[in-house]
J.: 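Supplied in structure tokens, the structure appears directly below.
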Amino acid sequence: MKLIIFTKKNMLAILLCLLAFNLLNAQSEVTVQASQAVYLGKTMPMGEITNLTIDGNIKKDADKKNWPKEVGNFKGNTLMQNVNPNALPLNGDPIRQYATLTSEGEPLELIVDRDGISSAQSGAVPPDPVGAVGKDHFVQMVNGGGSIILITDKEGNTTTGAFSSNTFWGSVSSSGAGDPMILWDQLAERWFILELGNDFTSMLLAISDTDDPAGQYTAYKINAPGLPDYPKIAIWPNGYYVTTNEFTDDEIPTYVIDREAMLAGDLTLNFQRVLGMPKFGGVNAFQVASAVHWDGDTPPPATSPMMTVRIHDDAWGAGADRIEIFEFIPDFENPANTTFNGPIELPTAPFDADLCPGGNIFSCIVQGNGTSMSALQQVIMFRPQYRNFGTHESVVLNFSVDVTGGNQAGIRWMELRKTVDDPWFIYQEGTYAPDAESRFMGAIAMDGAGNIGMGYTLISDTRFPSTAIT
């Protein structure tokens, strides 16, 4: 593996105007670390893996999910700390929506309702479930020391699994450590999966050879300077990219992978680790950006860069509540030509991103039996979604907020837009919290007609975790 590091200055020669809702701050420096992934080879087809059985070996692997305490990935400083006593809002969320949102016409109906992977199969805490819908299948992955994988058709019938990913990775002499991710590449009609390597300083990634998720994959390994915690993935026409929470730099990294080479199964796969997004306060708190994923029939304009987004709460220090956008245009042939821009700052209505008293990220929202669970606060939820409507480009996203100042969770959602005449701006936003129950861990999407749907976890001191949609 080779490593080439480029450092360059991004200069803004002339500042013509200051846009009230789109403040463009030139990043003083960006570092592009160009490297090559390790080619692992062709995996065994997932469809040939026998179903998971709960035995001592599987349970021992699953128990590896205690590794956050062993390797100290949160460094004892789990969340951003509130340092501004005058942080807004002062009297609850100013754009809270009290009305229950419903669709016009016929009420929403479930098409498929079935059990996913059970806790007995994964044995992992936290389970970190994730899933993706393809042309004919749904694939679910759940944490473990290899993750657990289940493949169903769109009628909910199991076609493959559940099985441990270590059987899959083991066919190319590797093994996983959880934090799984999966996406459907709609343009190539292929499946892209990722999981932490069990050395805790790498990521395993694979691309399916066909549109069948139960088929064979081409696998690679990307080495990181430290634990690439909390990886989140996205697909853009010119690359796959991964954001992580790491403590080896004072900046948040984004890994950009040559999509064309990966789809071709090249033995040489170039990727870039791009640094230029400063951590707030330069601290070792849990800090990560979220990569924006393209959906829809119309690709982004050829000149449109990849994007990552993150939030800033004025409780963390200087500056108002806002969304920050960072833009990437990679050049895999000549990494010195890779461009990076940001942050593009979009001021929001005031929000309170602190939901967990004392900063305990794993014990936060109270459930039906009096115990509590994680709210996954202070980060934008997987996955921010992009669509190109021709007349405008849109991104929808969501994150959890405290709607009362008393640790009741609601979901701040928003749509960003960009037109030929207007750079990115917040087109609409709201905080969905119509009653006294908590809503968090949202997943939001927009269809080709511009309709927005959002699923989320619903919980209270009299309700166990439930899934709801609006």
J.: Could you name each residue pair satisfying salt bridge (Lys or Arg N to Asp or Glu O under 4.0 Å) that touches residues 300-309, not counting sequence neighbours?
T.: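 Checked against salt bridge (Lys or Arg N to Asp or Glu O under 4.0 Å) - neighbours excluded - no pair reaches residues 300-309.
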
J.: Would you call Met307 and Val395 a side-chain contact if the rule is heavy atoms closer than 4.5 Å?
T.: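 In contact.
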
J.: Determine, stepwise, if the pair Gln36 / Thr268 fulfils side chain to side chain donor-acceptor pair (under 3.5 Å).
T.: CA-CA 7 Å; Gln36 288 182 356; Thr268 300; 4.7 Å; no

J.: Measuring centre to centre across the rings, with the benzene-like ring taken for any Trp, is Tyr240 within less than 6.0 Å of Phe271?
T.: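 Between Phe271 and Tyr240, which both carry aromatic rings, the centre distance is not below 6.0 Å.
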
J.: Please check if the side chain of His293 supplies one atom and the backbone of Gln385 the other of a donor-acceptor pair under 3.5 Å.
T.: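 Not confirmed, His293 side chain does not pair with Gln385 backbone.
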
J.: For Ser438 and Ala409, indicate whether the former's side chain and the latter's backbone hold a donor-acceptor pair under 3.5 Å.
T.: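 Side chain of Ser438 to backbone of Ala409: a pair is present.
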
J.: With a 6.0 Å cut-off on ring centres, are Trp236 and Tyr386 close enough?
T.: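 Centroid separation for Trp236 and Tyr386: below 6.0 Å.
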
J.: For Ile411 and Phe399, run side-chain contact (heavy atoms from CB on, under 4.5 Å): C-alpha distance rounded to whole Å, both residues' side-chain angles, the deciding distance at 0.1 Å, then the answer.
T.: CA-CA 6 Å; Ile411 299 180; Phe399 53 95; over 6 Å; no

J.: With salt bridge (Lys or Arg N to Asp or Glu O under 4.0 Å) as the rule and sequence neighbours excluded, what pairs involving residues 203-212 come up?
T.: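 Counting only pairs at least two positions apart or across chains, the salt bridge (Lys or Arg N to Asp or Glu O under 4.0 Å) contacts touching residues 203-212 are Lys42-Asp209, Lys135-Asp211.
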
J.: Holding to side-chain contact (heavy atoms from CB on, under 4.5 Å), I want the full list of residues that pass it with Thr371, two or more places apart in sequence or in another chain.
T.: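 side-chain contact (heavy atoms from CB on, under 4.5 Å) check on Thr371 returns Gln367, Asn369.
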
J.: For Thr201, check side-chain hydrogen bond (donor to acceptor under 3.5 Å, both in side chains) against everything at least two apart and list the hits.
T.: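 So Thr201 forms no side-chain hydrogen bond (donor to acceptor under 3.5 Å, both in side chains) with any residue.
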
J.: Within 45 degrees of the axis of the six-membered ring of Tyr427 and under 6.0 Å from its centre: does Arg417 put its NZ or CZ there?
T.: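 Yes, Arg417 sits over the ring of Tyr427.
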
J.: Picking from Ile459, Thr457, Asp461, what satisfies side chain to side chain contact (heavy atoms under 4.5 Å, CB included) with Ile365?
T.: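 Checked Ile459, Thr457, Asp461 against Ile365; only one passes side chain to side chain contact (heavy atoms under 4.5 Å, CB included): Ile459.
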
J.: Does any pair with a residue in residues 375-387 pass salt bridge (Lys or Arg N to Asp or Glu O under 4.0 Å), and if so which ones, sequence neighbours excluded?
T.: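 Residue pairs passing salt bridge (Lys or Arg N to Asp or Glu O under 4.0 Å), neighbours aside: Asp295-Arg383.
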
J.: Residues two or more places apart in sequence or in another chain: which of them pass salt bridge (charged side-chain N to carboxylate O under 4.0 Å, His left out) with Arg259?
T.: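 In terms of salt bridge (charged side-chain N to carboxylate O under 4.0 Å, His left out), with neighbours along the sequence ignored, Arg259 is linked to Asp185.
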
J.: Between Asn398 and Met414, is there a side-chain heavy-atom distance shorter than 4.5 Å?
T.: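 No; the side chains remain at least 4.5 Å from each other.
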
J.: What pair of heavy atoms forms the shortest contact from Ser202 to Asn223, and how long is it?
T.: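 Closest heavy-atom pair between Ser202 and Asn223: CB-OD1, 3.7 Å.
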
J.: Can you name the residues that form a ring pair (Phe, Tyr, Trp, His ring centres under 6.0 Å) with Trp316, not counting sequence neighbours?
T.: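 Scan of Trp316 (ring pair (Phe, Tyr, Trp, His ring centres under 6.0 Å), adjacent residues dropped) gives Phe280, His312.
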
J.: Can the ring centres of Phe168 and Phe163 be said to be less than 6.0 Å apart?
T.: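 For Phe168 and Phe163, the ring centres are not under 6.0 Å apart.
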
J.: Looking at side-chain heavy atoms only, is the closest gap between Thr244 and Tyr230 below 4.5 Å?
T.: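 Side-chain contact under 4.5 Å: no.
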
J.: Answer yes or no: is there a side-chain heavy-atom contact under 4.5 Å between Tyr432 and Tyr456?
T.: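 Of all side-chain heavy-atom pairs linking Tyr456 with Tyr432, at least one is under 4.5 Å.
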
J.: How about Phe326 and Asn341: do any of their side-chain heavy atoms sit closer than 4.5 Å?
T.: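 In short, these two side chains do not touch, never coming nearer than 4.5 Å.
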
J.: I need the full list of salt bridge (Lys or Arg N to Asp or Glu O under 4.0 Å) pairs touching residues 444-457, with sequence neighbours left out, sorted by first then second residue.
T.: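 Sorted result for residues 444-457: empty, none.
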
J.: Could you check if a side-chain atom of Leu150 sits within less than 4.5 angstrom of a side-chain atom of Thr152, using non-hydrogen atoms only?
T.: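 In contact.
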
J.: Does Asp153 have any side-chain hydrogen bond (donor to acceptor under 3.5 Å, both in side chains) partners at least two apart in sequence or in another chain, and if so, which?
T.: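 Applying side-chain hydrogen bond (donor to acceptor under 3.5 Å, both in side chains) to Asp153 gives Asn157.
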
J.: With sequence neighbours left out, write down each residue that passes side-chain hydrogen bond (donor to acceptor under 3.5 Å, both in side chains) with Ser372, or none if nothing qualifies.
T.: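 Per chain and number, Ser372 pairs via side-chain hydrogen bond (donor to acceptor under 3.5 Å, both in side chains) with Ser363.
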
J.: Verify, without hydrogens or angle tests, whether Gln140 (side chain) and Gly116 (backbone) share a donor-acceptor contact under 3.5 angstrom.
T.: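 Flag not set: sc Gln140 to bb Gly116 has no pair under 3.5 Å.
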
J.: Scan side-chain atoms only and decide if Thr470 and Arg439 contain a donor-acceptor pair under the 3.5 Å cut-off.
T.: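 Short answer, no.
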
J.: Identify the residue among Arg273, Gln272, Met277 that makes a side chain to side chain contact (heavy atoms under 4.5 Å, CB included) with Leu275.
T.: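 When side chain to side chain contact (heavy atoms under 4.5 Å, CB included) is applied between Leu275 and each of Arg273, Gln272, Met277, only Arg273 qualifies.
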
J.: Any side-chain heavy-atom pair from Phe247 and Asn245 closer than 4.5 angstrom?
T.: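 When only atoms from C-beta onward are counted, Asn245 and Phe247 do touch, with a gap below 4.5 Å.
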
J.: In the structure I gave you, are the side-chain heavy atoms of Arg310 and Gln287 within less than 4.5 Å of one another anywhere?
T.: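 Yes, at least one pair of side-chain atoms sits under 4.5 Å.
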
J.: Of all the heavy-atom pairs spanning Leu355 and Val401, show the shortest one and how long it is.
T.: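 Closest pair (atom of Leu355, atom of Val401, distance): CD2-O, 3.7 Å.
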
J.: Taking all non-hydrogen atoms of both residues, which atom of Arg190 and which atom of Trp184 are closest, and how far apart?
T.: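 What the structure gives for the nearest pair is O-CE3, 3.5 Å.
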
J.: Taking side-chain hydrogen bond (donor to acceptor under 3.5 Å, both in side chains) as the test, write out the residues that go with Asp250, two or more places apart.
T.: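 Partners of Asp250 under the side-chain hydrogen bond (donor to acceptor under 3.5 Å, both in side chains) test: none.
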
J.: Kindly write out the residues that satisfy ring pair (Phe, Tyr, Trp, His ring centres under 6.0 Å) with Tyr241, not counting sequence neighbours, or none if the list is empty.
T.: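 So Tyr241 forms no ring pair (Phe, Tyr, Trp, His ring centres under 6.0 Å) with any residue.
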
J.: With a 3.5 Å cut-off and no angle check, do the side chains of Ser394 and Glu415 form a donor-acceptor pair?
T.: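 A pair is found: one side chain offers a donor N or O, the other an acceptor, under 3.5 Å apart.
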
